[in-house]
Amino acid sequence: MRFSGSFVALVTPFHEDGSIHMEKLKELVEWHIEQGTDGIVALGTTGESSTMTHEEDDEVARLVIETVNGRIPVICGAGSNCTRTQLEKSRRYHDMGADGLLLITPYYNKANEEGMYRHFATVADAVDTPILLYNVPGRTGCSISESCCERLAAHPNIAGIKEASGNIAYTARIARRVGKDFCLFSGNDDMIVPVMSLGGCGVISVLANICPRQTHELVAAYASGDTARARELQLAYLDLIDALFCEVNPIPIKEAMNQLGMDVGGCRLPLCEISPQGRERVRRALEVIR
């Protein structure tokens, strides 16, 4: 499967006591389908899976997959710094019917070149669900080298990459090394147009949690050749995008959603409530969509 478009990096809503708000999660999924989101990424960084148990991860994955029911693609974050754990989670989500798997680089361990390759290839060899690599060195302390990415892209079950380094030169070098069917997703909302200009297929988006139609339109405009409209939208939402990353993601996006009445709750520790300055910055930035 070749993925493309605006995929929302979906938040995980919590009740006041910190438990998962499953009814709200289902509501969000239905809303995204109605609003034109092209795909859903559950259990990623924005979904706070790093603070959830494996059982909770499974509950979220199952609910999202069953609610979507094949209407749009669902990609589940199955990554871990333990390759064995990553493989076990990937097999479970494969059995649940996930359309894709998002696998992160081995944070803390880091790994050498061969270890980095095997970390992903072990899963790609074992399941036939398409895999997206997830490169976000600001979070993990390690990056997929250009040569390793090229090697992984040759694997028939590795479909693409969520490139969230923020380094457009690195992204360009990756784009030069992979085939035209390899899905290059921007992992940064402020770089959708630049990444698509290098052959990117879309974005895995935090912004789409509150602006699903607009993010879809931006990607669709560029893909259809209306680069002027895509540029206009990219620049129009730049201040809002910046505000959504004024503190550690997903603190600001959850604050924005709550200010808009979406009632997704707070974050789990070690993430906590937004600062007063951050709250006011988000409030001002939201005026562009009110």
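Heavy-atom basis, side chains included; hydrogens, waters and symmetry copies ignored.
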Closest heavy-atom contact between [X] and [Y]?
{"X": "Thr215", "Y": "Ser6", "answer": "CG2-OG, 3.3 Å"}
{"X": "Cys142", "Y": "Pro106", "answer": "SG-O, 3.9 Å"}
{"X": "Leu271", "Y": "Pro250", "answer": "CD1-CD, 3.5 Å"}
{"X": "Phe185", "Y": "Val195", "answer": "C-CG1, 4.4 Å"}
{"X": "Val193", "Y": "Ala230", "answer": "CG2-O, 3.7 Å"}
{"X": "His32", "Y": "Pro212", "answer": "ND1-CB, 3.8 Å"}

Is [Y] close to [X] at the side-chain level, that is, under 4.5 Å between some pair of heavy atoms?
{"X": "Leu28", "Y": "Val264", "value": "yes"}
{"X": "Val68", "Y": "Val29", "value": "yes"}
{"X": "Ile253", "Y": "Val11", "value": "yes"}
{"X": "Val123", "Y": "Asn157", "value": "no"}
{"X": "Leu133", "Y": "Leu102", "value": "no"}

Can you tell whether the side chains of [X] and [Y] come within less than 4.0 Å, N to carboxylate O?
{"X": "Arg151", "Y": "Glu114", "answer": "yes"}
{"X": "Glu287", "Y": "Arg290", "answer": "yes"}
{"X": "Glu23", "Y": "Lys26", "answer": "no"}
{"X": "Glu146", "Y": "Arg177", "answer": "yes"}
{"X": "Arg62", "Y": "Glu59", "answer": "no"}
{"X": "Arg71", "Y": "Glu34", "answer": "no"}
{"X": "Arg213", "Y": "Glu217", "answer": "no"}

With a 3.5 Å distance limit and no angle check, can you tell me whether [X] reaches the backbone of [Y] through a side-chain donor-acceptor pair?
{"X": "Thr140", "Y": "Tyr107", "value": "no"}
{"X": "His216", "Y": "Gly36", "value": "yes"}
{"X": "Ser80", "Y": "Gln86", "value": "no"}
{"X": "Asn81", "Y": "Asn109", "value": "no"}
{"X": "Arg229", "Y": "Ala221", "value": "no"}
{"X": "Asn188", "Y": "Asp190", "value": "no"}
{"X": "Glu48", "Y": "Cys267", "value": "no"}
{"X": "Lys24", "Y": "Pro13", "value": "no"}
{"X": "Ser165", "Y": "Asn167", "value": "yes"}
{"X": "Glu56", "Y": "Thr53", "value": "yes"}

request  = Kindly indicate, with the supporting measurements, whether the criterion side-chain contact (heavy atoms from CB on, under 4.5 Å) is fulfilled by Asp58 and Met96.
outcome  = CA-CA 9 Å; Asp58 290 354; Met96 288 180 193; 3.9 Å; yes
Flag if over 12 foreign heavy atoms under 6.0 Å of [atom1], [X]:
{"X": "Glu273", "atom1": "CD", "result": "no"}
{"X": "Arg231", "atom1": "CZ", "result": "no"}
{"X": "Arg118", "atom1": "CZ", "result": "no"}

key: Step-by-step side-chain contact (heavy atoms from CB on, under 4.5 Å) determination, Leu101 to Tyr93   = CA-CA 8 Å; Leu101 302 169; Tyr93 302 153; 3.8 Å; yes
key: Candidate pair Ser224 and Asp226, rule side chain to side chain donor-acceptor pair (under 3.5 Å), full reasoning   = CA-CA 6 Å; Ser224 68; Asp226 191 352; 5.7 Å; no
request  = Determine, step by step, whether Cys183 and Arg2 satisfy the side-chain contact (heavy atoms from CB on, under 4.5 Å) criterion, reporting the C-alpha distance in whole Å, the side-chain angles of both residues, the deciding distance to 0.1 Å, and the verdict.
outcome  = CA-CA 7 Å; Cys183 306; Arg2 177 170 168 78; 3.7 Å; yes
To the nearest 0.5 Å, what is the distance between [atom1] on [X] and [atom2] on [Y]?
{"X": "Asp128", "Y": "Ile131", "atom1": "CG", "atom2": "CD1", "result": "10.0 Å"}
{"X": "Asn209", "Y": "Asn249", "atom1": "CG", "atom2": "CG", "result": "8.5 Å"}
{"X": "Ile192", "Y": "Ser197", "atom1": "CD1", "atom2": "OG", "result": "12.5 Å"}
{"X": "Lys162", "Y": "Ile75", "atom1": "NZ", "atom2": "CD1", "result": "10.0 Å"}
{"X": "Asp242", "Y": "Arg281", "atom1": "CG", "atom2": "CZ", "result": "6.0 Å"}
{"X": "Glu163", "Y": "Leu198", "atom1": "CD", "atom2": "CG", "result": "10.5 Å"}

request  = Please collect all side-chain hydrogen bond (donor to acceptor under 3.5 Å, both in side chains) contacts where either partner lies in residues 257-267, sequence neighbours excluded, each pair once.
outcome  =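 Every pair satisfying side-chain hydrogen bond (donor to acceptor under 3.5 Å, both in side chains) with a residue in residues 257-267: Glu255-Gln259.
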query = Side-chain donor-acceptor pair under 3.5 Å between Ser275 and Glu247, yes or no?
reply =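 Distance-only check passes for Ser275 and Glu247.
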key: Criterion side chain to side chain donor-acceptor pair (under 3.5 Å) on Asp57 and Ser49, from CA distance to verdict   = CA-CA 7 Å; Asp57 285 343; Ser49 62; 5.0 Å; no
ask   = Would Met191 and Val178 show up in the same hydrophobic cluster when neighbours are defined by side-chain heavy atoms closer than 4.5 Å?
value = yes
ask   = Same cluster or not: are Tyr222 and Ile241 linked, directly or through other Ile, Leu, Val, Met, Phe, Trp or Tyr residues, by side-chain heavy atoms under 4.5 angstrom apart?
value = yes
task = List in chain and number order the residues that pass salt bridge (Lys or Arg N to Asp or Glu O under 4.0 Å) with Glu113, two or more places apart in sequence or in another chain; answer none if no residue qualifies.
result = none
query = So His15 and His21, would you call those rings parallel, tilted or perpendicular, with 30° and 60° as cut-offs?
reply =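 Geometry flag for His21 against His15: parallel rings.
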ask   = side-chain contact (heavy atoms from CB on, under 4.5 Å) between Thr105 and His119: does it pass, once the steps are laid out?
value = CA-CA 8 Å; Thr105 53; His119 178 70; 5.8 Å; no
query = Quick one: side-chain hydrogen bond (donor to acceptor under 3.5 Å, both in side chains) partners of His54, sequence neighbours excluded?
reply = none
